[in-house]
Amino acid sequence: MSQVPLTHILFVSTALFFIGMYGLFTRRNMITMLMSVELILNSVNINFVAFNRYLYPGKLDGVFFSLFIVAIAAAEAAVAIAIIINLYRNFHSIDVEAADEMKF
Amino acid sequence: MPNSACIILIPLLPLAGFVVLGLFGRRYFSRFAGVLGTGVVLVSAVLAIWVAWQYFGTCLADGYCRQTVPVRFTWLRVSPGLSIDMSIIFDPISVMMIFVVTFISLMVHIYSLGYMKGEERYATYYAFLNLFTFSMLGLVLAGNIFETYIFWELVGCSSFLLIGYYYDRPTAVAAAKKAFIVTRFADLGFLIGILILSFYAGSLDIRTLIQRLVQPGSQLGSITTASFLGISMLSWGLGLVFVGGAGKSALFPLHIWLPDAMEGPTPVSALIHAATMVVAGVYLVARLYLVYVGFDHFEVLHVVLWVGAISALLAAVIACTQTDIKRVLAYSTMSQIGYMMFALGTFHPVGEATTLGYTAAMFHLFTHAFFKALLFLCAGVIIHRVHSNEMQDMGGLRKALPLTHGCFLIACLAIAGIPPFAGFFSKEDILLAAWDSNKPVYYIGLFTSGLTAFYMFRLYFSVFWGRPARAGGAQFGAGGGHHSEGSGGRHSEGSGGHHGEGFVGRHEEAPFTMKLPLVILALGAVFAGWVPFSRLVTYDGMPQEGHGIGVFAIPPVMVALIGIGIASYLYRVASDRPERAAAAFRGMYQFVYHKFYIDEVYLFITKRVIFNLIGRPAAWIDRNIVDGMMNGLAAVTAWTSTAIKRLQSGKVQDYALYFFMGIAGLAVLFIYIYS
Amino acid sequence: MNLSLLVLVPLITAVAVLFCSGLNRVRWVSLAGVTAQLALALGLLLLYWRERGSGNGAPMLFEYRYAWFPALNIWYHVGVDGISVAMILLTAFVMMAAVLVSWKVEAMGKEFFVLLLFLSAGAYGFFLSLDLFTLFFFLEISVIPKFLLIGIWGSGRKEYSAMKLALMLMAGSALVFVGLLGVYYNTDATGGVSGVGGPHTFDWQAISQMHLSIAVQRAFFPFLFVGFGIFTALFPFHTWVPDGHSAAPTAASMFLAGISMKLGGYGCLRVAVFLMPDAAREYSPIIIVLATIAIVYGAFATMMQKDLKYINAYSSISHCGFILLGIGMLTQTAMVGAVMQMISHGLMTALFFAAIGMIYDRTHTRLVDRLGGLLKVMPFISTVFVIAGLCSLGLPGLSGFVAEITVFMGSWQRTEGMYRLATILACASIVVTAVYILRATGQTIMGPVKDPHYNVLTDAAWNERLAGILLVAGIVAIGVAPYWLNDLLTPGVSSIMHHVGKVTMTK
Amino acid sequence: MSASAVVFYILAAGILVSAVLAVTSRKIFRSAIWLLFSLTGIAGLYFWLQMEFVAAVQIVVYVGGIVVLIIFSIFLTQQSGKDLPVPVRGRAVLSALVVGAGFVLTYLMMMRYSFRPAGSRVAVASVGNIGAQLLSTSEHGYVLPFEVISILLLAAMIGCIVIAMKTKPENK
Amino acid sequence: MGAGIILSLRQELMVTGIIFILLVMNVGVAELKTAVILKIVNLLLLANVILGCFGGPESTLFSGMFHTNRLIVFEKNMLNLATLIVSLTAYDWLKGHRQVVEFYMLLLATLVGFFFMISAGNLLMFYLGLELSTIPLAALSSFDLQKRQSSEGAMKFILSAAFSSALLLFGISLLYGATGTLDFAALSVRLDGSPFQLFAFILILSGFAFKVSAVPFHLWTADVYEGSPVPVTAYLSVVSKGAVFFVFIQVLYAVFKPLAINWYNILMLLSVLSMTVGNLFALRQNRLKRLLAFSSVAQSGFILAGVIGSSRAGEASVVYFILIYIFSNLGAFGVVSLISAQTGRENVDDYKGLYANNKGLSWVMALSLFSLAGIPPTAGFFGKFFLLMAGAGKGNYVYIGIAALNMVISLYYYLRVIKAIFMDRQEQPIGKLTIPLLPNIAFVVCVAGIMLTGVAGWVYEYIYSLSAGL
């Protein structure tokens, strides 16, 4: 792994980050938006682990952070999905364009 | 020297009368209001006469008249040097004036006892009369030029109140407003004049002011050199003060209010608009006479001279055409005041022997007070009788009103300047002064005196001689448009009580209270001329040797007699001669009859110019532009808030997008641009 | 004497009113309250005279300080000099009259009186405070009650006017706020000038002793002056005046025109000019121009008004122009005149509004051409109206004359052509004043009775009479004997002028 | 170029490609699967970084948990597997631009920044000492976060239950 | 050591304890009456508030992950109090709701989250606290299960929150990469103003800005506030925002001190934007909750003015203002919540003629709005004054001028509500409402706070004595 410079890994994470963001901006299905968020969180995780591994191997701060992020991502996803399901009950659709009754 | 206590009492008593009557009059003693008011004035008149007697006594004793200030206290300290004092100045003219004012005022008070009897606002009337008397006394006694201004305003106000006494009559209200506003406009000049003079003289006290302005002193240089539009500040100051005077004294072109002021009760006209208030302007100029003639700055005196002359002539001409008895008298008043003014204008450089004009003006003021008041009071009796003041409703009254007839005749002779009546002496002095200083003015004066005689006797004959007017005069008068005083509600609410049934076949001429003043004033009109004025009233207190009555007196008298002759030819017996005369020069007659359309010019200026070109735009701008700006701000805000509402599209993806754009924006801005 | 009483008494009264049951009791309690205020104010005057008489030459008397926010060096600091005493008297008079004329307020009477008393508390506090923070606090207190009074009990376009008034006054105090902060942060109180340490101070006297740099003054004088100016109808920020006054209920109009417009003038004098004399001198031409415009143009705009309240509102713009003119002239006489004008105009306009209110209550119209011949029907009210009118056109013997004349005399001491012109225009405006006052009086009071219904109308009731007499008494007291007021005001003003002058020397 | 590098680039390519497909595919199931691939690839990346524990967690929680959850929710909410609605045109373009710009910006900054490795001592991320640290209160102890996240999970659970529970008709 | 930990953690522990009591109640004890539960819970919260008030030691635990001092304790007490008031005013709404206990468990979970966030000593703890407070809030905001708006709001909230926290995390990761530490104390020394770090900082900042709903990160605010049940909205607008501001100040002053010059400008920009945009949006709102939402956006603009004051006075004024804000905003929301719970009407127009029948409520509303608008003698005046005063400390008077003018604009829409209540009329005004005991207590507390917090100078003095500044 030493041959691969850190910046290349960062390239992966950053790209992933913005891909996820793009998905979040464009996917109209709420669940797919949620997936995009997960992608973003993963890119963050890659950052943490990579930095930890490459730059600061002395301590495992990054690793722990990424672990907690994983856990929280799970919780967040769960609640989000619960909310989406409830919204589906009310709107009979999970198209985000449909849920814009409150505006201006 | 009279002690100051009773001097103060002279003005304060009427004030007390005003306060008492004003506060409690209506409620508590509406009956005795007249008696109370009259009594107060009586006391102060007595005091005044006594004071005058003593003062002039001492004058004669020690050969010259001292100018003293018996009373002074600071009313308002404007700035360390400048303070408005309440002070009383004592010198020949002020003493003479307090005598005139209290005396005439007393007469009018007594007269009104009968004349205003049964009026609803009887007490108020007397309260106002007292107020006026107080203010007038304060005006003449003022030893501080600002004090003068204060009482000047008060006089104007009480005149306003009295003219508008019949407040439910629109014409009266209009007249009152007109009088107040015109004089107020003139007073503006007075005020600014005061500001200028006091600024350079550094004092408001009249004596100090005169001293500083006359003695070549420190301020003097600045005020004569400092100039505006090429005219020295001193001239500006004096000129503006004169404007104030001209306004009060109804001189051309500020005279328009005087004829309308006749809407007030006749005694009021007699007191305010004939004898006292209207001569305040003359008095004011006389007060500052030393400054006017102080050193060779005569442009202002020229103005005084010519304004006086023009007013005299103009008014006389108009008077010849008027048919409303009170208006005729009003114009004659204006003309006589014109006399006094140009008398003051006829200056001799100080240092020469005399300034005859000063004495003459004061003299004429003195005599005029008597016969003009008398004329008005007589007119009051007549109007009271005829219930109209249109001349064509009158005629042949000499049987019905013998006493009035006599008094009226005396007054006419006096004003016409027929010896040995009062008017003769004073007018002759004036003409003499004019002759010495300015020939054209002299001829104007001469011609005017002829006109005076003519219109006075025109009035006299058409009222007392000729065919008795129809009994329906009252009714006719009632129809007689706004000219006719009888038309308004006055007599219905007023003293009609005991004159209700009209005058035909009535024997009683007038109540005693109305006759008495006539008689007294008639005596005055006869004998006032014998007072040795040149010995008592002079600009510097030094007596001048009187000049005997010589050949110089002949032309005026002749002119006067000619005037009388024409008048009697035209009006003594009823005929169509006047009409033919009028028809002869119809155009000019109309022009004069409408008072040279001066009123219309004023109307045009006020209504068209001031209201439409200044007032209306100002109001419009305020509502639409200035306020529009304020509302515009609000409108812009509201518009913006609708314009940006799209940001809140309600779509969460937009929110996220904006969110990141915000971050990117901040990053670019603060990392690359701003740092 | 403990000055805070002046603030507390109205508040206590207000609380008492809150717990009153029955409109009648409410009225009497509030009347008692304002009577107590009047008594306090008069007592203050006497004590003040006694102190001065006993040779106490301190600039401020009866001072009281309490460390309110020591951390920020903010104090509750009160004290009076002649000027404040005079303003307090004015407030007491107007408040008493206001309560008396609002006797007939039926709907939500309790709230009405509470708000009114609250207002007065604010005014007293403002005139008392010597700490700029306290001053600002009391200045802003008075905004909202006005809004409610106009909006709830007003007439005509009341909501619009109330909103306009509230917003414009709020904008004014926003400017003042910025100005105050600017002053605060440019003071240096490390010497502990105002009693405590702290780098900066709001203390009025302390600031006046330290000389703010000319740059600072240049920067912040406009904020303060314009901010306060909005309160006193500084052109072109006067447009709240006509709407607000005409929409407000009688008592509120009286307070608005009588007192709250004076808060501005007082602030301009006390804060802007006194703390920043150099800037005042620099900006004085602008002030003069604006004031003159307000005077003349206000007068002409008044001529065109048909509604009595509008007439008085516009004339207030014109008259308050005299206040600003007097302040802007920066001569002692003119400033005394300005303060006199504040007081005179306060009493006069309150009287005017009171009379208008009484007329409106009876005839239900304020349009000049609908009224007429009221003198026959309601002599007392008409007389009061006429007196107010005469006072406003500057008749000698009434307060208006004294004030205007003093302003003129003072302004005339400035010899520069522009100032001269301004003075002359101001003088000329009194003629216009005469015109519109007489037109109004002539059409409403005099003339034949327009409407037969008017013949059955009643004259003033006891409370209205009392109110009228109270204000007339004040007007006459000043008009006939101005010297006492003059002596009362001169020391305060001359200390201000001495400050201005002193700086002139140093420059 | 060494083998591990090759492995990395393959992984990277796989991750990114499947991620792109995951956010663009029109069929929701497919995109879920692409997401699965991408996440697995990331797990692989962790392996490659010798962070086995993290990789394991990644597999367990994401692949085994979240993706399953997502798929179930798709079952719950998706009507008859029809295509996803097309993105709003304008927003798609705009966000493409923004995202591209953002990426360039960010990555440039990363490249410019000189990362300085600190210390050479390598702490082994073995399950053992990770667990030890997770529960220790001493230096580098993560017991407090552990507790906090337990509360968080509890709360999340309650929340899910309350919200997602089929609400019975109100007549109760 | 143990006792020390307990003492320093006592507020967190108490709240957690209450959560567990509720859990037991929910699982074990069968079907208590809702009203009874509410009484019990409120008593517990009251006890929590009271016990919280005892001062604790200044300490740092868990190798710097958790630290506390007197100011932090005070802030937590403020949050406790706010929560109590919220739950008091929520009474009417909860009576009709079935999952009362769950509601409180979630609410208190978020509270704990805030506590840990405030006491956080490193970025991990901060992040955990943030999430712990966010995720349950999202659940709460969709608590009106049948209401479409509620679930829509919740969806917008959870997605925006997830996104913003992802960005925050990205920023944290970059920061970690740049400095190699997550510990606040260590971070502050390793920061240099390099663009990379600045970018990371901006990402983190956006997370904060999102929570305090500062423009342009505010867009979720209005919709979520409108959709959520009123008590949740109140909680969001007061507790959430307040807590985030507390930690925001600490982070800015303690951690990002080296970047002070940068964030001063950034925050000034955000502050101006927030005031202006918030006010402009609020101008046209007819739905009261939305109006209050935008007004709270504007308010955070004002609070930011205190933040950038970056002085001791600045910190004190922020805390002070938030204390006042708790009373004012909760007073307003309390009235709204009561009325919407009893009549279901939430529009400004519905409030026309409210004064006719409900004098008390009207005055509470009026006072709260005056306090929000910063009108003396309400506390809001002092709050705003001190905020802007602190903001002017650096001598940026243009900025202060803009802020002052914004105060004028804001006055307009507050007065619109006042106008509706006191001046306008309508056919069927809201009838006489009965105010239950608990909300009544809440109103009394709010009014007392509004009237006294400002005039009583020592409150500010106390806070000032606690605060440290930059």
Side-chain angles (χ1 to χ4, degrees), chain D residues 23 66 70 73 77 95 98-99 101-121 123 133-172, chain E residues 1 5 9 12 15-16 19-20 23 26 61-66 98-99 101-103 105-110 112-113 116-117 121-122 124-125 127-129 131-140 142-143 145-146 151 154 170 174 177-181 190 194-200 203:
Chain D
V23 298
I66 296 176
I70 286 175
S73 62
T77 58
S95 38
V98 169
V99 163
F103 174 74
V104 174
L105 184 78
T106 319
Y107 192 64
L108 281 181
M109 254 179 294
M110 286 180 170
M111 302 237 299
R112 292 247 184 72
Y113 190 76
S114 56
F115 293 97
R116 268 174 264 83
S120 55
R121 182 178 68 82
Q133 275 194 39
L134 205 50
L135 295 183
S136 83
T137 63
S138 64
E139 191 67 16
H140 307 311
Y142 284 83
V143 64
L144 187 62
F146 192 73
E147 296 301 333
V148 173
I149 205 159
S150 62
I151 303 176
L152 172 57
L153 292 173
L154 170 69
M157 186 181 71
I158 296 170
C160 297
I161 294 168
V162 173
I163 296 170
M165 194 163 37
K166 261 243 177 286
T167 43
K168 301 167 232 54
E170 288 297 332
N171 55 23
K172 163 175 183 292
Chain E
M1 155 94 179
I5 293 183
L9 280 169
E12 291 77 2
V15 179
T16 327
I19 296 178
F20 279 108
L23 195 57
N26 204 21
L61 303 175
F62 303 111
S63 60
M65 283 187 175
F66 180 98
R98 256 195 260 92
Q99 288 91 358
V101 183
E102 292 82 348
F103 173 84
M105 282 196 277
L106 293 174
L107 198 68
L108 295 176
T110 61
V112 179
F116 279 115
M117 188 173 75
N122 74 0
L124 175 59
M125 280 307 293
Y127 171 67
L128 289 178
E131 289 297 339
L132 174 52
S133 60
T134 308
I135 296 173
L137 258 180
L140 282 174
S142 81
F143 227 65
L145 294 172
Q146 272 70 23
S151 47
F170 195 73
L174 296 189
T179 61
T181 176
R190 302 198 196 166
S194 69
F196 184 66
Q197 293 185 355
L198 216 51
F199 182 64
L203 286 167

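This is a predicted model, so every value here is computed, not measured. In what follows, chains carry the letters A, B, and so on, assigned in the order in which the sequence lines appear, proteins first and then strands, with residues in each chain numbered from 1.
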- Item | Residues E:L174, D:Y113; criterion side chain to side chain contact (heavy atoms under 4.5 Å, CB included); working and verdict | CA-CA 11 Å; E:L174 296 189; D:Y113 190 76; over 6 Å; no

- Item | For chain E, the option from D:L108, D:V143, D:I158, D:L153 that forms the most heavy-atom pairs under 4.5 Å | D:I158

- Once you round to the nearest 0.5 Å, how far does CG of E:L128 lie from CG of D:L144? 8.5 Å

- Query: Going from CG on E:L140 to CD1 on D:I163, what distance comes out if it is rounded to the nearest 0.5 angstrom?
  - Reply: 8.0 Å

- Message: Is D:I149 close to chain E through its backbone or its side chain, or both, or neither, when contacts mean heavy atoms under 4.5 Å?
- Response: side chain

- Message: Between E:F116 and chain D, with a heavy-atom cut-off of 4.5 Å, which part of the residue counts as in contact: side chain, backbone, both or neither?
- Response: side chain

- Distance col, row E:L132:CG vs D:I151:CD1, nearest 0.5 angstrom, shows 6.0 Å

- Message: Rounded at 0.5 Å granularity, tell me how far CD in E:E12 sits from CD in D:E147.
- Response: 13.0 Å

- Message: Is D:L105 in contact with chain E via its backbone, its side chain, both, or neither, using a 4.5 Å heavy-atom distance?
- Response: side chain

- Message: Please classify the contact between E:F170 and chain D as side chain, backbone, both or neither, with a heavy-atom cut-off of under 4.5 Å.
- Response: side chain

- Message: Heavy-atom pairs under 4.5 Å with chain D - which of E:A109, E:S142, E:A178 has more of them than the others?
- Response: E:A178

- Which heavy atom in D:L152 sits nearest to a heavy atom in E:E131, and how many Å separate them? CD1-O, 4.0 Å

- Query: What do you reckon, is CZ of D:F146 surrounded by more than 12 foreign heavy atoms closer than 6.0 Å?
  - Reply: no

- Determine the minimum heavy-atom distance between E:L124 and D:P145, stating which atoms define it. CD2-CG, 4.1 Å

- Heavy-atom distance under 4.5 Å to chain D: side chain of E:T16, backbone, both or neither? side chain

- Item | Nearest-0.5 Å distance, CD of residue E:Q99 to CD1 of residue D:I161 | 10.5 Å

- Against chain D, label E:F103 side chain, backbone, both or neither, depending on which of its atoms sit under 4.5 Å from a heavy atom there. neither

- Task: With rounding to the nearest 0.5 Å, note down the distance linking CZ in D:R112 to CZ in E:F199.
- Result: 13.0 Å

- Note on the structure: Note: E:P195 and D:M109 closest approach over all heavy atoms is O-SD, 3.6 Å

- Note on the structure: All heavy atoms of D:A155 vs all of E:L106, minimum pair found to be O-CD2, 3.4 Å

